[in-house]
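Chain letters run A, B, ... following the sequence lines, proteins first and then strands; every chain starts at 1. Worth saying up front: this structure is predicted, and the values here are computed from it rather than measured. All values below were derived from every heavy atom in this structure, side-chain atoms included, with hydrogens, water molecules and symmetry-related copies excluded.
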Number of protein chains: 2
Amino acid sequence: MIKFTAIRWKKTVLLTCCLLSLFSFETLIAQKTANWIWYPGDFEVWLGNKMQNRRTERGTFFPPFWRMDNHYVLITFSKEFSLQAAENVDISVEGQYNVKLDGKMLEGFPKNLSIPAGKHALVIKVFGQDKVPSIYVKGKELVSDSSWSVTFEDKEWIDASGKVSEKSGTDWLSAGSWNFTDPQMPPSQFRLATVAQSPAKAERKPQSAMIDFGRETFGFVKLHGLKGKGNLALYYGESPEEALSTEHCETFDKLSIDQQQPKEFTTELSKAFRYVNIQYDGSIAFDSVSMLYEYLPVTHRGKFRCSDEEMNRIWDVSAYTMQLNTREFFIDGIKRDRWIWSGDAYQSYLMNYYLFFDSPSVTRTLLAQRGKDPVTSNINTILDYTFYWFMGIYDYYKYTGDSTFIKQFYPRMVSMIDFSLSRRNQNGMVEGLQGDWVFIDWAEGVLDKKGEVSFEQILFCRSLETMALCAEIAGDGARAATYKKLAADLKVKLFKTFWVEDKKALVHNRVNGVLSNTVTRYANMFAIFFDYFNKEQMQAVKQNVLMNDQVQKITTPYMRFYELEALCAMGEQSYVLGQMKDYWGGMLKLGATSFWEKYDPNEKGTQHLAMYGRPFGRSLCHAWGASPIYLLGKYYLGVKPLSPGYDQYVVEPQLGGLQWMEGTVPTPNGDIKIYCSTKQIKIKADAGTGTLNFKSKTKPGIKGAVIQSKGDGLYQLTVEKGKEYVISYTAK
Amino acid sequence: MIKFTAIRWKKTVLLTCCLLSLFSFETLIAQKTANWIWYPGDFEVWLGNKMQNRRTERGTFFPPFWRMDNHYVLITFSKEFSLQAAENVDISVEGQYNVKLDGKMLEGFPKNLSIPAGKHALVIKVFGQDKVPSIYVKGKELVSDSSWSVTFEDKEWIDASGKVSEKSGTDWLSAGSWNFTDPQMPPSQFRLATVAQSPAKAERKPQSAMIDFGRETFGFVKLHGLKGKGNLALYYGESPEEALSTEHCETFDKLSIDQQQPKEFTTELSKAFRYVNIQYDGSIAFDSVSMLYEYLPVTHRGKFRCSDEEMNRIWDVSAYTMQLNTREFFIDGIKRDRWIWSGDAYQSYLMNYYLFFDSPSVTRTLLAQRGKDPVTSNINTILDYTFYWFMGIYDYYKYTGDSTFIKQFYPRMVSMIDFSLSRRNQNGMVEGLQGDWVFIDWAEGVLDKKGEVSFEQILFCRSLETMALCAEIAGDGARAATYKKLAADLKVKLFKTFWVEDKKALVHNRVNGVLSNTVTRYANMFAIFFDYFNKEQMQAVKQNVLMNDQVQKITTPYMRFYELEALCAMGEQSYVLGQMKDYWGGMLKLGATSFWEKYDPNEKGTQHLAMYGRPFGRSLCHAWGASPIYLLGKYYLGVKPLSPGYDQYVVEPQLGGLQWMEGTVPTPNGDIKIYCSTKQIKIKADAGTGTLNFKSKTKPGIKGAVIQSKGDGLYQLTVEKGKEYVISYTAK
């Protein structure tokens, strides 16, 4: 009897455990989300083609001049799984497909399956020429997600006796996905979000209308109550001058209205504009004009406010500039190219970490840029832009800690760096070869791009360091060692070559063995924030290059980004604050509602609109114009990850002359909130462990925590997650 | 006055010359044909995707298991030209495009241009995701053709001052084209031709019909006067057994008839069949059944007739088998795979040279097989099939002399051979690695495919020889020398390894350093017609291998092809004639109307229909079944090119026991017609210079030409183009 009870007890416990584990398992299952999945990178390449081929210039199609790749047209999706209970599974597919369950091919194009409990293997093969082969599988337990494996080449075969051979030699990757969770909305149907907006002002005249939307914007123009017949043209302008210049505005739509159009008419392609000049003839009439603002829904997690209202306005307009340029991908500017330029995107990544922290936008952009093998040219055909691509990966890992992405795309990184390595000259350095564009910066006529440019070697060196890091993450020890050595050797070599002791600076280039006499800012400022200089060199460069007006000045926000970063990295926040107010404040004073591709304070009037030999060639909404977001987040609020993904981070607030500032810096697992005045610092973080460093003239006070004195007026506090710290101190 | 006259005379002559040259130039122009053009290989890859993804197996989509590539989606077409007079030019484009004339971008999507006389540069950029970017340009002088240049990466850029940079580093190729000369019929609209055909027999029963089209055929089934509602199934059969086996037939169509269908209903996908078993229910009724036979229009230029009626029937059925399998590409068989298998296609190329001499079918197939870089596996994943691809190029050049093709696709040959070279083992030999299928032949269970297989080394060696030849044609002297050396070294090494003196044969393989004891036919027969043996070896191999029943027999027409070729190459035409009558005659006696994938005389009844573990798995219309075309053309009529493209050729008629034979062998520039009986030889050729070799017991007679005696009863005649020779002789 006792024995029986014991057994019974055991059974009950076992059953309870089972039920408990089943219960929690079921709960887990219930949360599983089915996603449309594809071969990683393929949707991004396909969307990149779609987006980048939408550029028009005065009504003419204007495609990129680099190779456009394509998705793999035939993909095998595979999943081995175990079901607790039998279930029904729905299947949606983009493309022509077949389904094999447990090795048995099912007839036709199954849309749902009944799968019994137990272990199973499901294989779905999809062919799609015009759309990316994608699947959506939804059962209770079984869902399509990144745990599925995919390959573009399954290498299976059937011998004459009917035996199916093992899939040896097949390369499987984890499936790619984004946020497509609706079976009715497959990847090919992806569209950005839109919302209706009204103009700020509308001037109507006979057969014309001038519409002002109040600020730079992007979207589709809507004509309400459209009727009649005739020709109607919409001339878009970022400035009123551009919209009014029917001969020179960069973009327009010319329509033939014949009553086939709906009364509520919307333009086909979205465009950038603030002003729309509408000209029409015949019997055409319409009641009013509005627009559908088109945007990528991202949250503005990063925030910044301070005692200087001009700086607040600079931050807001920077954030709006970033929002407009954060679309299917991080693009250069919304009016003209709307392409994915690697050097431009690199800066958007950095700004993104202090504004949206939207990782999919970073990886989408990196993947679309990279395209497919073989590598036949530099990214965007630009030597420096290949290196920015690597640097973008370096930062992505630093900020997000996403090692899955690194592992998955490591092979494409290897083939990309192989291309760069294969193009080194006999000195082991890179220079512009046939088909390479050496860009550096827009600085017409004054920038020598020939031979071995020191700036390019610095970027190449950082790219090799990136590869050493990624090879380690991918578990490729042999290559990690190789890249590490290549990087170290190059660093030694480039300093030996370009560092000129009596100039105390890196000189610009070496052509046919002859070293240039010229010092430019580019290599010097990158070497600063890459931490390539020793202390003495750094101080010398600061004086001799960065703060030396004899050295060719920078006139693009693009390179201003790095120049100011280098100065911030050396603690020149006060100086840089003045520079920001001058430069970005200067654009605001000229009425900018978003920041520009180029700004030269010496130019006047409509000179500010011209570029590329065209009166309205300049983009007035360029992502690289938004760098204050990055500078204020990283060097004023002072937040930086110390270990990948912000597990460890540092906060070093620098007021740079402000009376107070407060802000939020987003991280993968929550936010870091900071307030800093000359007397008080407040900090609270959702995740990770932070180190707050600050200087104080007086001994700082805090409740419920310990501040360590590091000597010389420097103090340190460990910031734990979820806890708010309020420090009283006296700013130095 | 004299002077004046002289000048005047000169002028007149000059003018006349001018006019004459103008006249002939105009005549030339008038003949210029505009063609749809594309990036070379891209249409072929796109069409390959389309065709190869049309396979179904019992209603289920059945795609290939190797990587499918894609066309480049963004292409730049460029042409520099000079016009004698102003002209209007029409432009048709597949894709989104822009047009730049003389550096100036034209607005919108121009459909026609007025171009003044003089020098011009026209650039058209086209983006096409779902269709191959293609253009058709037609003026009087200016037409789109292979003289246009194309690139997938134009690498041009515009600097900030508006300067467009040179297109340095851009790889331009000559445009690809085929025979698309109608602007209304762009490449994406390509369809094979169809013609209506009636059944030989139709048996109707209530709610079913069994239709017999009299012989193996391919196309779309048509139901005439279709009405009512219900389900209708078409079960296709190459045999009546297959059509009647609704459970096991390889292909079917199941339709739901709901009166939405037209009264004259045609099936959507073309299929292979001789028999169609139609089963239907509900109120469905139809009057009659016919078909649309679907085919590639090619001319049967090759001909063969002889004193043996069975041989004539073998030739006819071979030619019909070839015609059925010569479609968008040379495919393996029409019922099942309908894929482009390189080993199968290789034989089709050879047969094609003696039947259609349709070069575009060869190049289309070679290009679709090769796809794009990077190379990630062997062609069709099969080790031997990569080598057949090279051998196909070797023969293509030998038969056609088309060096343009070689030059154009040489880079893709280099990357393909680089793949093979990168997979050699430490002995410099190839063996099946991860992901490789070592096929050799269907010979289940009896064929060892492990380690270093002698057959694979022989094919690899020939591939390297092909690359040496192609590198020379492409002007790549350095690589030509490398390939030559690699081939020579491998040949020495493989003989040293596999030739076993006491067996007087090449043994089958070496696994982990241990040489096999087994002799198979494969390596030995290829070494014969590759001319790798010395005379003594050749005779020994003939006795010890080819004519030795102890050596594992071949049961596929695929390898019979090479076995019989090897025997023919050694003068065994009489023996081979007997073999052909046995083997192909055997199939005819079993009622074959096309030749099969496999034929084993020892099998009985429906055993002949089974393969791959399925009762009707075997293809009864397989291209590799048609080899008598090749054997009869090359080794009986005896015609072979000596120099590329038949500039020099040889004719060595061998009756092989026939009383007489006559035939036509097509060449690039005309036909070679031969008649040969035991007493008379007649020959006439349209082009080239031929050498006729024949043996005679008596001194041969001829009128109007000189026959040289070469001693030992051997005679020689030089055949000049356009001249008919009639020789009397006495066959030995």
Side-chain angles (χ1 to χ4, degrees), chain A residues 46 49-50 53 57-74 96-98 105-109 125 127 129-130 152-163 165 168-171 373-374 376-377 381 433-437 442 444-445 598 611-614 617, chain B residues 46 49-50 53 57-74 96-98 105-109 125 127 129-130 152-163 165 168-170 373-374 376-377 381 415 433-437 442 444-445 598 611-614 617:
Chain A
W46 177 87
N49 288 354
K50 209 164 160 153
N53 283 295
E57 194 173 292
R58 296 192 57 76
T60 298
F61 167 58
F62 198 124
F65 48 77
W66 51 80
R67 193 185 76 200
M68 302 256 88
D69 285 315
N70 202 59
H71 58 275
Y72 294 114
V73 295
L74 180 62
Q96 201 176 345
Y97 70 103
N98 67 34
M105 191 76 87
L106 308 181
E107 192 180 312
F109 300 93
K125 285 196 192 196
F127 170 66
Q129 181 77 50
D130 56 338
F152 56 82
E153 190 166 41
D154 64 9
K155 291 182 179 169
E156 67 177 335
W157 57 79
I158 303 164
D159 75 14
S161 67
K163 190 177 142 266
S165 285
S168 74
T170 297
D171 291 321
D373 283 340
T376 55
S377 79
T381 75
L433 301 184
Q434 276 264 314
D436 292 341
W437 182 5
W442 290 135
E444 304 98 280
K598 190 182 161 184
M611 206 165 165
Y612 308 103
R614 307 194 302 267
Chain B
W46 176 88
N49 288 354
K50 208 165 160 152
N53 282 296
E57 194 172 294
R58 296 191 57 77
T60 298
F61 167 57
F62 200 125
F65 47 76
W66 50 81
R67 194 184 76 200
M68 302 256 88
D69 284 315
N70 203 60
H71 58 276
Y72 294 114
V73 294
L74 180 62
Q96 200 176 346
Y97 69 103
N98 68 34
M105 191 76 85
L106 307 180
E107 192 180 310
F109 300 93
K125 285 196 193 197
F127 169 66
Q129 181 76 50
D130 55 338
F152 57 81
E153 189 166 41
D154 64 10
K155 292 183 179 169
E156 66 177 336
W157 58 80
I158 303 165
D159 75 15
S161 68
K163 190 177 145 262
S165 284
S168 76
T170 298
D373 283 340
T376 55
S377 79
T381 74
S415 45
L433 300 183
Q434 275 265 314
D436 291 343
W437 181 4
W442 289 134
E444 305 100 277
K598 189 182 163 186
M611 207 165 165
Y612 309 101
R614 306 194 303 265

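For the options F127(A), Y97(A), W437(A), heavy-atom pairs under 4.5 Å to chain B are most numerous at W437(A). Most heavy-atom pairs under 4.5 Å with chain A: of the set D373(B), N53(B), T376(B), this distinction falls to N53(B). When the candidates Q96(B), M105(B), H71(B), K125(B) are compared by the number of heavy-atom contacts under 4.5 Å with chain A, Q96(B) comes out ahead. Residue with the most contacts toward chain A among D69(B), D130(B), L74(B): L74(B) (heavy-atom pairs, distance under 4.5 Å). Among the candidates G59(B), P64(B), G108(B), the residue making the largest number of heavy-atom pairs closer than 4.5 Å to chain A is G108(B). Between chain B and the options M611(A), R614(A), M68(A), heavy-atom pairs under 4.5 Å are most frequent for M68(A).
With a 4.5 angstrom heavy-atom cutoff, S415(B) does not touch chain A via any of its atoms. For R58(B), the part lying near chain A is the backbone, with the side chain staying farther off; criterion is any non-hydrogen pair under 4.5 Å.
Ring-plane geometry between F61(A) and F109(B) is classed as parallel, the angle between the planes falling under 30 degrees on a 0 to 90 degree scale with a further cut at 60.
With hydrogens and angles disregarded, no donor-acceptor distance shorter than 3.5 Å links the side chain of T381(A) to the backbone of K155(B). Side-chain N or O atoms of T60(B) include one that pairs as donor or acceptor with a backbone N or O of L106(A) at under 3.5 Å.
Side-chain contact between N70(B) and Y72(A) is absent, with no heavy-atom pair separated by less than 4.5 Å. For the pair F65(A) and E153(B), the minimum side-chain heavy-atom distance is 4.5 Å or more.
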